[in-house]
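Count residues from 1 along the sequence. All values below come from the heavy atoms of this structure, side chains included, with hydrogens, waters and symmetry mates left out.
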Amino acid sequence: MTAVLGWLRGLFAVGLLAGFYVVASTLLVTDVALVAAMLWLIVEAPSRAGNWSLVLGGSIPAAVALLYGIATVSRTEEHPPAAVLVSRAEAPGLWRLVEDLAGQLRTRPPDRIYLTPEANASVSEQARLLGFAVGDRTMYLGVPLLRWLKPMELRAVLCHELGHYAGRHTRFGALTYRGAAALGSTLFRLRMTARSEEARSGYAWLFHSVISCYGWLYFRLSLAVRRRQELEADAEAVAAVGPAVTADALRAVHALAITWAGFESRYLRPVQRLGFAPEDVFEAFAAMLDDPYVRERMADLREHPVEAGRSPLDSHPPLTRRLALIEARPAGDIPDVVDDGPLVTADRVVRRVRQSMLDKAGGPVTELSVTTWADLAAEAFAVELASLLLDAARGVGVTARPTLATVLDRLERGEPTELIRRFADAPEPEEQLAEALYALTGQALAGAGRARWTLSWTHGYLLDCPQDPAGRLEDLVAAAVRNRAGVHALRRELARLGLDTEAPVVLALRTVAAPAGRTTVPRTTRRAPDLVLGELARQRKVAKATVGALIATGVVWGIALIGTDPSPPYRPTFPTVAAPQYSPAPQPTLPLPTRPGLDMPLPTPSLSFTLPLPDFPYRIHRVVPGDTLSGIACRYGTTVEALQEYNDMGRRTGLIAGQRLLVPESGRAGCR
């Protein structure tokens with residue numbers, strides 16, 4: 001039954017992929033036929049091809065975007081970023097575990113295993129003959145899963161992935177994936193082409209609309225199959241390790257993935273843009289997991305798994321539905337598992353993953369110990385907010401660097417709204433302003449040597465001020481943003497701490513004695529994604545090719561126009577001769593004889609005359625391709641001037657196939 005279902009799914013995947021080819025090729029053939037018809041018109045009837053530039057200028061960019069989308073269908077799936085191949089010698093325990101689990105599921109194990117820096121796992125298969133022949137299998141396993149999942153939870157994850165092999169999902173999954181990728185790529189490029197300056201009058205929007213309709217059908221049908229496959233893989237994991245372990249594994253992976261993504265986006269990447277990174281990224285993440293607040297947050301994520309921002313095109317079913325189906329299955333006999341020790345024995349493999357992860361995200365960095373990197377991160381975040389607030393406090397025409405006193409003066413004058421307008425764009429701007437003022441106040445104290453920043457995995461940074469052990473400063477800053485009286489209280493507290501608010505605020509990373517710069521990219525200079533930049537570069541090349549094609553076609557059109565008469569073709573009108581009406585002379589009326597006994601008169605005879613039409617001295621000639629006035633004159637023994645005069649042509653000599661000419665009779669043939 002599984003084999004039959006796999007074959008049916010294969011045929012379904014091939015049919016969906018073929019449908020994309022058919023739709024895209026039909027649009028492409030239509031576009032090419034339209035361009036060919038316009039080129040033929042340019043050569044045969046150039047005076048009627050005045051809109052050729054609109055047709056060519058709109059068709060070429062749309063056709064190239066469509067061709068590029070079709071070409072991506074045949075591309076193989078690429079490895080995840082920063083993936084590192086691990087050999088059997090480097091991870092014998094991992095290979096042995098994967099092969100044992102594959103034997104339990106009665107499927108062939110993967111041929112290659114890659115380690116990735118993601119909190120995720122996946123499998124693929126490079127099948128041949130559109131998926132109907134087996135190919136090489138590859139498994140991708142994230143280092144965070146290896147390090148922070150329990151042994152049984154890791155087994156459940158591996159069984160789920162191997163379940164895709166057992167259900168023959170990966171054979172045709174590559175086709176479905178490439179079809180979805182090609183549809184997305186084609187729609188993206190058609191949409192950008194339609195919005196570009198070169199294709200405002202083109203056909204890209206028409207192509208985009210047609211492909212969108214097929215894409216809607218494709219995604220709905222293929223997603224239903226892919227989500228069903230995920231549920232089948234969950235069932236394989238349940239059969240191997242039990243429903244409780246499988247559910248715990250799903251919850252653990254969900255919480256770990258969200259926490260890892262937060263660590264990477266909030267801490268690792270911003271500091272890496274400054275040129276610094278921890279010596280061991282995974283050790284820094286382990287320090288984050290040791291924080292009590294982080295552990296509490298992860299426990300809440302495990303207990304209440306919420307998928308925020310879930311896409312309707314997600315290939316996996318909702319996590320709550322998967323958990324409900326798993327936990328509803330009966331528990332079976334699960335064998336005890338003995339911990340065989342570390343699965344990866346070679347540390348160089350994890351180091352390669354860590355280095356590849358940093359290389360993929362940016363240029364060279366300076367590696368610091370985890371403790372030094374944490375202090376640097378806290379200080380960098382505070383310097384960033386303090387710098388933004390000082391920029392917002394600068395007055396119009398003021399060149400001097402504002403200070404903490406400048407910000408407090410504005411608040412004391414009742415101008416928090418103006419600061420918020422210049423600085424804050426968050427849903428709660430007053431809280432963002434208070435956060436920035438706290439960062440600025442703390443940085444002023446840190447620059448004066450009266451405090452230091454420490455990293456907080458939940459707040460980003462905390463101020464360690466020995467003279468303020470109770471942490472009153474944060475409450476005073478929040479009160480200063482709300483009302484003027486709070487500003488006076490904050491000034492008194494800063495004076496007690498011995499801080500000169502008029503002194504310039506040091507905006508430097510004291511941890512490494514380097515300028516802080518910005519830890520976030522300003523909105524005005526935000527770099528577009530590489531995919532967009534690549535598409536814009538491709539469009540520039542297509543635009544140049546389109547201009548070249550338009551110039552070449554314009555030259556051909558101009559040459560074709562030479563010697564042609566742009567006026568409408570002459571169509572002679574032939575005279576209509578009406579026959580004269582003749583009335584017979586009146587005849588005398590004679591009495592007609594009658595028979596005796598008959599009262600009906602005999603019919604009266606009438607006379608009518610038909611006169612022959614006059615014989616006009618001309619004949620009609622139908623012009624065929626190749627005819628000229630001089631040739632026709634020679635043929636009928638007349639002159640070009642006579643033909644022009646008889647047909648009211650003036651000095652024109654151009655003829656059109658099918659045109660009728662009046663040719664005067666000369667009585668003899670030959671040229672004069």
### Summary
Those residues at least two apart in sequence (or on a different chain) that pass salt bridge (Lys or Arg N to Asp or Glu O under 4.0 Å) with D100 are none
#### Entry: Any donor-acceptor N or O pair under 3.5 Å, side chains Q229, R226
no
### Message
Angle between ring planes, H316 versus H160, binned at 30° and 60°: parallel, tilted or perpendicular?
### Response
parallel
### Query
Just wondering, do D234 and L325 contact through their side chains at under 4.5 Å, heavy atoms?
no
### Message
Between L289 and W457, is there a side-chain heavy-atom distance shorter than 4.5 Å?
### Response
no
### Query
Is there a side-chain contact between W260 and F282 (heavy atoms, below 4.5 Å)?
yes
### Task
Mark yes or no for whether R137, through its side chain, and R108, through its backbone, hold a donor-acceptor pair below 3.5 Å.
yes
### Message
Checking R348 now: which residues fulfil salt bridge (Lys or Arg N to Asp or Glu O under 4.0 Å) with it, not counting sequence neighbours?
### Response
E90
### Query
Which distance, rounded to the nearest 0.5 Å, do you find between the NE2 of H254 and the NE2 of H304?
11.5 Å
### Query
Is the number of heavy atoms from other residues, nucleotides or ligands under 6.0 Å of E99 CD greater than 12?
yes
### Message
How long is the straight-line distance from CG of L301 back to CD1 of I258, given to the nearest 0.5 Å?
### Response
5.0 Å
### Summary
Applying side chain to side chain contact (heavy atoms under 4.5 Å, CB included) to P117 and not counting sequence neighbours gives A82, V353, M357
### Task
First locate atom CG of L463, then atom OH of Y438, and finally report the distance between them rounded to the nearest 0.5 Å.
4.5 Å
### Task
Working to the nearest 0.5 Å, report the span between CG of L145 and CD of E153.
10.0 Å
### Task
Check salt bridge (Lys or Arg N to Asp or Glu O under 4.0 Å) between E367 and all other residues, then give those that pass, not counting sequence neighbours.
none
### Task
Side-chain contact test, heavy atoms from C-beta onward, threshold under 4.5 Å: evaluate it for L162 versus Q104 and give yes or no.
no
### Query
So, Y461 versus F381, ring centres under 6.0 angstrom or not?
no
### Non-neighbouring partners of R147 that pass side chain to side chain donor-acceptor pair (under 3.5 Å), sequence neighbours left out
none
### Within-4.5 Å side-chain heavy-atom neighbours: R228 and E232
yes
### Query
If you count the non-hydrogen atoms of other residues, nucleotides and ligands that lie under 6.0 Å from CZ in R321, is the total more than 12?
no
### Message
Within this structure, what is the OG1-CE distance for the pair T458 and M288, rounded to the nearest 0.5 Å?
### Response
9.0 Å
Which atom pairs, donor and acceptor, lie under 3.5 Å between side-chain atoms of residues 244-253 and protein residues at least two apart or in another chain?
{"from": "T246", "atom 1": "OG1", "to": "G242", "atom 2": "O", "distance (Å)": "2.8"}
{"from": "R251", "atom 1": "NH1", "to": "R302", "atom 2": "O", "distance (Å)": "2.8"}
{"from": "R251", "atom 1": "NH2", "to": "E327", "atom 2": "OE2", "distance (Å)": "3.1"}

## Note on the structure
The reported gap from CG in D290 to CZ in R295 (rounded to nearest 0.5 angstrom) is 6.5 Å
